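Proteins come first, then strands; the chains are lettered A, B, ... in the order of their sequence lines, and each starts at number 1. On a predicted model such as this, the values are computed, not experimentally measured, just so you know.
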Amino acid sequence: MDPEEVEFLGEKQLVTIVPLTTDDDYLKLISGDFGPFRMGMPVKVPLWVAVQLKRQKHCKIQPPDWMEIETLEAIKNEEKLSRNFTKMPSKFYMVEAKQILGCASDDISRADEIRTIIKDIWDIRMSKLRSSIDLLVRNNGASAVVTNLTLMEINSIRPILPHTLDQIRRMKNFKPFHGWRSQDTSFVSDSRSSTSFHS
Amino acid sequence: MFCEKAHVLIKELSRNRDALPPYNTDLLNEINTEVKQLITQNQEDAQISEDSRVMNHASYLPTVKIRHAAIKRNIRCILAYHYNRLKCLRNMRWQFGSILPPDVKSNLSQSEIEWFSKYSSNLVQYMRSIGDEGINLAVDLKPPKSLYIEVRCLTDYGQFELNDGSVLLLKENSRHYLPRSECEELIRQGVLEHVV
Amino acid sequence: MDLELEDLENTIQDDDDDNVQLTSAELIEMMEEVWVNEKFAPEILPHKQEVVDCVLGQISYMEKNLETLPSTDFKKGIHQLEVDRIRFLVASYLRHRLEKIETYVLHILKEEEQRGEREEELYLTEAEQQFAIKYKQDLEQHFENATNFYPGLPFEDWKSHIVAPNMNSFVFLKAKTAVEGVVIDPSRDDDEVADLTVGSQMILSYNSVTDLVKKGDVQLI
Amino acid sequence: MPLQTSYFPDYFSVDDILATQEKIPCKFIQNVPKLGKLNPATEDPDLQSGTVLEMPLWLVLEASLMRQPIVTADLPKVYKDAYLEILKADPCAVDLHKFGVYFYELGSYMKQFGQNDDIAKTLLHTFTLRFRQIMDLSDNVISDPNVIQKLDALEKSLYESGHDAKMKLFSWLKMSEIPLEAATMVTNHKKRKRVDEDLF
């Protein structure tokens, strides 16, 4: 899966925007109704809608609760101390961070610091992930629980982990694709098979 | 050793995993000749082998078996060659559309050209059947991010009409702000470049 | 200015499951799940033509409505983008299926025939079935052209070594319902099992969860 | 868009055909009349029982795994104890490419010849211990071609799919928008065309 496709799935996450204009009509999308949009009144919309409206200067984006220095520092510390993966505040934290910080950094105080901490958290988790994968492969594992991994993280080890486990499995129960043995018997019992080519 | 030419053929495939070099008629003819020879020899020897069973003479059976293995191997290589070229050709249908550039076409065999046009019409027929009005599966390859994108023209393409009826001139190095859905195909064909 | 979406029937009937009522939002959600499952399952999954048709119906309804909306309305662009997003979803899903059909054409047609004989639910739509049959014919014709230098040449070996998907491929999944006793590696004798709690995620062999994916108890991710 | 599957050979698989083309030593245990030309060392029109030759794996498989075998297979030296010991000692330090381009695939076929399972165990051990190296390698944006050259074909394909994913993630993280691109075949095509033109 391409990262853009993970992003695509993450873009339906709801975020809060503050409209800069008023429009009492609901936005009636196929994927749900959103609105009404009243100047200054926070309202939830899918991330991709928020980005469009922000680009057209129709709104400000309110960062999610967790997108804030102290919360993120706490998450980062916990991630560092814990042997396991901690549960992230959003299963699409990277997508949300990239999109919101990308188009609405003027709506967020200390956006650069936030970006750095999120990148730190990602890096800590990635290095943990690589060690766990290595262990799984060394133990010739046939399954693993990955409950607290987010989709972007899972996608970052695809296809290398699934493919490696596929190959380990093949090496354990190797069967060549050709059924060499069975072919032989039919041939011997019919020594003329090579003479019967003529249709 | 048997099947050495077939091996050369497969190595050629292996070197060109995403491209189509000229259809190797000469090499294939040589392989075909080898196969025909093996078959003829086997027919003779299998007959002798059959007779010698009665007369208790040295058997040609091992000879026949080994040649038979070589025949099968040659066929596997011939088919793998054709199969993998088709896969490549199939990808070209998705990337170039139903009309191939002449120099690609000149690398194909007659049978490949026929296959390509049959595949193309099979695909079109399938795409037409979807939903009420059909759907073009060769576009919308990536999740859309915005309705309009900035593009730079890479060649002197000429006039281009948009769905709203307006016409613009695509000149080399000219820049345009266009609906993504309308220029996606030109980007894939290398006429326009998406400027990020 | 008004989009007249009030007229749009916001619920769609799904005649498969005793008239389950779906909102269009749930429909899109379902289309997403169907797309991801098809993307990651090594084999072709049972078709979801009803879902696809409903989604396409929603799109054309929306597009018709959009024609009446002045392009000055900021909502118009958003609606158009949504239509494009959903069209991508459907197109990508159908492309994945076509690619599997082409790659495993003999295997899929054989299984489909057996399903027909057993009067089971078919996996291909009618149009896909036609595409597959045609694809197989054209492939065979091409192979015949390549081997007709010797009449009666035994070139059918490839049909006894049919290209089939690797059902043991490892996949990531998320449990939508609690499932107990998923056998980790069904092809082996050790009966190592896993229990899936709702929302838990795992990587394991597709073979272990084939039926659960088709039943909708687990979602590939 | 391509179907992303890990290596799983089938009848048309170029890699399987190349792997089974590798030569392995074998000994004829029957006379094979008329096929003396398989042995370049003799003018004898027939191949005599007792002849020792190197033949491609596909032929050895056909000629040995039958009720009345024509040949018995021997292991190529890289699957014999001395070499296996090297792999057991420090698999990560080995230039596996020199052991064989299709080291694992060929090794897997060696199981067919009824040896003990030491080969199988060593292959798995080697593969799983070298995995970290391959993963780390694919995680680098720019990788050292000298290191990549020391991988066997299977490892290389894993490296390539891992590296490809890494590059996609890398550009996703870096860019605000991923550009729509010309089809790879179109760009390759253009490149080739330019090369052709340069010749004149």
Side-chain angles (χ1 to χ4, degrees), chain B residues 28-29 31-33 35-36 38-40 68 71-76 78-83 85-87 89-90 94 109-112 114-119 121-123 125-148 164 179-181, chain C residues 49 52-57 59-60 63 71 76-95 97-99 101-103 125-135 137-139 141-150 152-158 161 163:
Chain B
L28 279 163
N29 280 340
I31 298 168
N32 294 353
T33 307
V35 171
K36 277 190 245 178
L38 287 166
I39 294 175
T40 316
H68 188 68
I71 295 167
K72 285 201 301 186
R73 175 74 175 186
N74 272 320
I75 295 173
R76 184 181 177 196
I78 294 171
L79 292 186
Y81 180 74
H82 287 86
Y83 179 87
R85 280 177 66 92
L86 279 200
K87 276 186 136 178
L89 199 50
R90 174 251 183 227
W94 286 87
S109 74
Q110 188 53 38
S111 180
E112 283 172 337
E114 282 162 23
W115 182 87
F116 184 83
S117 83
K118 284 194 262 185
Y119 177 70
S121 65
N122 193 16
L123 199 60
Q125 201 178 356
Y126 170 73
M127 296 196 294
R128 276 202 196 116
S129 76
I130 304 163
D132 289 336
E133 39 213 284
I135 178 170
N136 181 4
L137 296 180
V139 294
D140 298 308
L141 296 181
K142 284 186 175 187
K145 292 273 143 205
S146 53
L147 287 171
Y148 286 85
D164 65 6
R180 180 192 42 75
S181 56
Chain C
Q49 194 168 11
V52 170
D53 285 347
C54 282
V55 170
L56 290 177
I59 291 182
S60 27
E63 278 181 325
S71 46
K76 185 163 184 169
I78 299 203
H79 282 295
Q80 267 166 349
L81 189 54
E82 189 192 34
V83 166
D84 283 359
R85 287 170 61 87
I86 298 171
R87 194 178 284 121
F88 158 77
L89 199 58
V90 175
S92 177
Y93 164 73
L94 295 173
R95 280 194 294 264
R97 289 182 64 83
L98 270 195
E99 210 183 342
I101 291 173
E102 290 178 16
T103 309
T125 67
E126 220 167 285
E128 285 170 340
Q129 168 94 5
Q130 273 172 15
F131 176 84
I133 291 173
K134 188 85 191 355
Y135 188 86
Q137 280 170 357
D138 297 344
L139 181 68
Q141 181 61 53
H142 186 59
F143 278 180
E144 219 165 293
N145 295 345
T147 49
N148 63 7
F149 61 91
Y150 196 96
L153 195 69
F155 76 97
E156 305 277 313
D157 246 12
W158 67 286
H161 303 289
V163 183

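Looking at Ser129(B), only its side chain comes within 4.5 Å of chain C, counting heavy atoms on both sides. For Val35(B), the part sitting under 4.5 Å from any heavy atom of chain C is the side chain, from C-beta outward, and nothing else. Using a 4.5 Å cut-off between heavy atoms, Glu112(B) contacts chain C through both its backbone and its side chain. Neither the backbone nor the side chain of Tyr81(B) comes within contact range of chain C; no heavy atoms are under 4.5 Å apart. Residue Ile75(B) touches chain C through its side chain alone, counting heavy-atom pairs closer than 4.5 Å. Heavy atoms closer than 4.5 Å to chain C are found in both the backbone and the side chain of Leu123(B). Residue Asp132(B) does not touch chain C at all, counting heavy-atom pairs closer than 4.5 Å. Both the backbone and the side chain of Leu79(B) come within contact range of chain C, judged by heavy atoms closer than 4.5 Å. With a 4.5 Å cut-off on non-hydrogen atoms, Glu102(C) touches chain B through its side chain but not through its backbone. Proximity to chain B is limited to the side chain of Asp53(C), based on heavy atoms less than 4.5 angstrom apart.
Counting heavy-atom pairs under 4.5 Å between each of Leu98(C), Thr125(C), Thr147(C) and chain B puts Leu98(C) at the top. Between chain C and the options Ala138(B), Ala80(B), Pro144(B), heavy-atom pairs under 4.5 Å are most frequent for Pro144(B). Looking only at heavy-atom pairs under 4.5 Å with chain C, the residue among Leu86(B), Ile135(B), Val139(B), Leu28(B) that has the most is Leu86(B). Across Leu139(C), Asn145(C), Leu81(C), the residue that shares the most heavy-atom pairs under 4.5 angstrom with chain B is Leu81(C).
By the 30° and 60° cut-offs, the orientation of the rings of Tyr119(B) relative to Tyr135(C) is perpendicular. Taking the six-membered ring where tryptophan is involved, the planes of Tyr126(B) and Phe131(C) are tilted, since the angle between them lies from 30° to 60°.
Counting only distance, with no hydrogens or angles, the side chain of Ser92(C) and the backbone of Leu89(C) share no donor-acceptor pair below 3.5 Å. Under a 3.5 Å cut-off, the side chain of Arg87(C) and the backbone N or O of Asp140(B) do not form any donor-acceptor pair.
Distance CD/Gln80(C) to OG/Ser146(B): 12.5 Å, rounded to 0.5 Å. The NZ atom of Lys36(B) sits 10.5 Å away from the CG atom of Leu153(C) when rounded to the nearest 0.5 Å. A distance of 8.0 Å separates CD of Glu114(B) from CD of Gln141(C), quoted to the nearest 0.5 Å. To the nearest 0.5 Å, atom CZ of residue Arg76(B) and atom CG of residue Asp157(C) are 9.5 Å apart.
Within a 6.0 Å radius of CD in Gln137(C), more than 12 heavy atoms belonging to other residues, nucleotides or ligands are found.
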